[in-house]
Undergrad: 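Let me begin by handing over the structure; questions about it come next.
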Amino acid sequence: MAPIKLAVVGAGPSSFYVASRLLSLLPRSGPHASSLKIHLYDRLWAPYGLVRYGVAPDHPEVKNCTHKFDEAATDPRLRFFGNVNIGTTSPFSYALPLSLEALMPYYTHILYSTGCTVPILHPALPPSRYCIPALSMVHWYTQHPSKPSPPPLDRTSHVTLIGQGNVSLDVARMLLTPPDHLAKYDVPMPVLDILRRSAVQHVSIVGRRGPLQAAFTTKELREMMNLPDSSMVPLDPALLAQVQGASLTRQQSRTLQLLQKGSKNKPGTTAKTWSLDFFRSPTGLTTPVSPSDKARLTLAHTTLDPSSRAVPTGESSTLDTDLVITSLGHRSELSAPWYDPALGHLRTVSGRVVNADGRVVRNVYASGWAAMGARGVLASTMMDAYAVVDTILRDHFPGEDVQTTAASGPESAADKAAEADALEVLPKEVDLDAIPPEVEAGLKEGRVTDFEDWRRVDAEEIRRGEELGKERERMDWEEAHNFLTKTRT
Amino acid sequence: MSARTLVGKFAACPPTRIAFGQRQSLRIHLRRPQRCLSSHAPSQVWLARSAALPVFSRTRDFHSSPASCHGGVTRPKPGEGIKVHFKDSKGNLLKTVEANEGDDILSIAHEYDIDLEGACEGSVACSTCHVILDPESYDKLPEPEDDENDMLDMAFGLTDTSRLGCQVRLTRDLDGMTATLPAATRNMFVDEADTSLARVAGAACWDCQNYSSTSHRFM
Ligand SMILES: Cc1cc2nc3c(=O)[nH]c(=O)nc-3n(C[C@H](O)[C@H](O)[C@H](O)COP(=O)(O)OP(=O)(O)OC[C@H]3O[C@@H](n4cnc5c(N)ncnc54)[C@H](O)[C@@H]3O)c2cc1C
Ligand code: FES
């Protein structure tokens, strides 16, 4: 077969799912083994994207998917290059900047799996001392290289989360779970210290629509209900009565049942509380004159129009709060190639990247959140990845009828036509083992990490964790760099 | 050495037929993670084509990956186990296999190289092991627990007889049960992506953009 030398930009779950699928469909024991090479580039020094730097620490089972990724990385045809930022602006000074143009001559195929790394802000709530995006909280408790400053939890008794999705509930759970319960998980010690000093007494979770439209899933809601020393402020019975009788999906009716039952701890029996504030849409935040005072959040009251959109009723109220955390979803970076501002992610058709004129760019693909936007759990990210692999193989073996997953669907004639008219940007023949000289030099310097580096850091993090009686103790880049330099033979 | 002998010599696992094209179907080899290097039949991977194509097999490092055995279950002697039929999402029979009492559907699928994922490895945290059971077998099972139902809420192609494969353990009276892989289509992602138009414009729906699968849209 003609070679597939694939550069993957991003090394999150989508990237690893594509890589492991390709490696197993063209197995090392098979006849095409050595004409497949996969190189994963990530701007972060560690692999796994949001699985390492997103998934909440108290959900360790979710991270089991990394075992499959590690297994894929045992295949010598896969290489990982951490600390390489593909594109113009590198968010971390130590990451090696490499332009896409510098990468292209080395690869026959490119896959963008860069995710959606930019939090969507609320127009009425610009970031400030009193208002931060949920992603900054997540980056703080996962020790992401972006290193946001820790939230001032010792001076915060009331938190308002804007948005009612799972990220919101993750943050609420982190704030309300007793730190001693979190201590055994992968929560960095400095984070635990701050959580132990937290003064948070109440978390309001605000959404502009009702209980049937909330995006959180039953699992996450149930975890909130079962928090050991917090209770939910009961919902107005009228609110729940209102939705009775509507034709409900399975998930909606299970959510409603949970909401009706309320939290395990009865209201009034706990010092810490949380509430779901439905039908409220923020219109502004007044910051206090004296730092000891609270900020004042103005909320427009809303109702649903016939197409289930939130519309203002004309009424409003205010909420005094110490910290507003917005959790309104994410988009891809503006500077990402083939970014479509109207979509908030890359422009693709069946995984093939499409330029602004609607033409397919041959052998350039996108997968995961970079291709579908910031929605979907790991299961959907995985299915999308497998479908993209089918597309790659269809393009590579045009005579065959490749369908290895139900998600890819039968190949359409339109797809084939688009592919035939594709724009050529990548070489057909390349040196299968070559990498850009900048990356080669970076590896030598120890600035660029490889998978073996990660394995060593991973083992060391787990070892340090064991000493502390926890899952792992994370390193940041400075520590990891020191550790790797010291132990490199 | 010909491609055929090379493949035969170094294939790790039996082939899984997971391609179902109308014109021509490919037999694609799916290697499950950390499988033992068994003496099963050689892979048919791309074999049809391999005669015409250059040989790319190589053996370097082949034995370096850890060898543990399949789904962690033992196969019963033929004729003595509990029979399970696995079907693809279109209802075509993939394989009929035999397993022992107490084995779960996910491990059995892995043992026999059925393309069923298990991303969280049986911890009820991912729903990638979702299977659809035949109604008779479904009714013989105890009701799913809350945590399983919570994950099923997020499963794609959910039906009334859906279960998580990792939570279904075989009993004698389930002999002959059918487990069908769920149907999934790319439209699930496309439909979702369309709504992002509104969201980037700052319009609708900012309270439903986080990572939930909002599976109610899919049903
Ligand atoms: C806070 C949070 C918690 C979540 N928790 C769960 C959960 O519990 N369960 C669940 O099923 N799902 C969860 N999800 C959803 C899940 O994380 C996503 O489905 C999945 O991570 C998407 O994978 P991806 O590979 O497309 O993107 P990502 O995981 O974001 O990976 C993208 C990678 O690309 C890299 N990158 C970006 N730009 C560049 C560049 N220019 N050069 C080099 N590298 C680049 C990034 O550093 C990153 O590593 C969560 C999501 C979030 C935001
Ligand atoms: S394997 Fe994850 S839920 Fe069954």
Side-chain angles (χ1 to χ4, degrees), chain A residues 1 24-25 27-35 61-62 64-65 68 71 74 76 123 163-168 207-209 213 215-219 222 249-252 254 309 327-329 331 342-344 372-373 375-380 382-384 387 400-404 406-407 409, chain B residues 3 7 10-12 18-21 23-24 26 28-31 33-34 43 45-46 50 53 55-58 61-62 64-65 89 117 119-121 123 125-128 150-151 153-154 183-186 189 192-193 196-197 199-200 202 204 206-216 219:
Chain A
M1 94 181 192
S24 61
L25 291 179
R28 246 200 290 174
S29 54
H32 308 299
S34 59
S35 46
E61 326 80 37
V62 173
N64 282 347
C65 60
K68 186 186 183 106
E71 161 72 13
T74 61
Q164 294 182 328
N166 281 336
V167 176
S168 226
R208 74 171 175 182
R209 298 195 295 163
Q213 291 77 35
F216 49 67
T217 51
T218 39
K219 178 192 169 182
R222 191 183 305 281
T249 64
R250 172 195 154 104
Q251 185 172 14
Q252 285 173 326
R254 298 187 71 249
R309 282 168 178 268
S327 182
L328 308 170
R331 61 165 173 80
L343 294 170
M372 26 173 213
R375 39 183 67 243
V377 285
L378 286 165
S380 43
M382 178 200 84
M383 281 203 291
D384 165 75
E400 306 288 352
D401 205 356
V402 183
Q403 188 180 359
T404 73
Chain B
V7 170
F10 298 113
I18 49 174
F20 32 79
R23 283 183 290 114
Q24 180 188 6
L26 287 177
I28 293 192
H29 175 110
L30 240 200
R31 197 165 64 92
Q34 312 215 341
S43 164
V45 195
W46 313 93
S50 62
L53 288 164
V55 178
F56 289 113
S57 294
R58 73 174 191 188
D61 291 334
F62 186 67
S64 67
S65 58
S89 58
E117 200 74 30
C120 76
E121 301 174 351
S123 314
C126 74
S127 80
T128 58
D150 288 351
M151 289 322 294
D153 277 351
M154 286 184 259
T185 65
R186 203 186 266 280
F189 315 122
E192 289 288 297
S196 63
L197 267 169
R199 124 179 153 228
V200 176
W206 49 252
D207 51 346
C208 62
Q209 291 150 18
N210 294 321
Y211 68 78
S212 90
S213 76
T214 52
S215 58
H216 46 275
M219 294 189 311

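These figures come from a predicted structure and were not determined experimentally.
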Undergrad: I'd like to know if B/Asp150 pairs up with A/Arg254 as an ion pair, taking the criterion as any Lys NZ or Arg NE/NH1/NH2 lying under 4.0 Å from an Asp or Glu carboxylate oxygen.
TA: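 Result for this pair is yes, salt bridge flagged.
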Undergrad: To the nearest 0.5 angstrom, please state how far the CE atom of A/Met382 sits from the SG atom of B/Cys126.
TA: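 Spacing of CE (A/Met382) from SG (B/Cys126) equals 8.0 Å.
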Undergrad: Is any side-chain heavy atom of A/Val62 closer than 4.5 Å to a side-chain heavy atom of B/Cys120?
TA: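 Heavy-atom side-chain distance check fails, nothing below 4.5 Å.
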Undergrad: Mind checking side chain to side chain contact (heavy atoms under 4.5 Å, CB included) for A/Cys65 and listing every partner two or more places apart, or none if nothing turns up?
TA: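 In terms of side chain to side chain contact (heavy atoms under 4.5 Å, CB included), with neighbours along the sequence ignored, A/Cys65 is linked to A/Tyr17, A/Val51, A/Phe69, A/Leu378, B/Ala119.
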Undergrad: If we only count heavy atoms from C-beta on, is the A/Met383 to B/Glu117 side-chain gap below 4.5 Å?
TA: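 Side chain of A/Met383 against side chain of B/Glu117, heavy atoms only: no contact under 4.5 Å found.
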Undergrad: Excluding sequence neighbours, so at least two apart, what forms side-chain hydrogen bond (donor to acceptor under 3.5 Å, both in side chains) with B/Glu121?
TA: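 side-chain hydrogen bond (donor to acceptor under 3.5 Å, both in side chains) check on B/Glu121 returns A/His67.
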Undergrad: Any side-chain heavy atom of A/Thr218 within less than 4.5 Å of one from B/Met151?
TA: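 A/Thr218 vs B/Met151: side chains apart.
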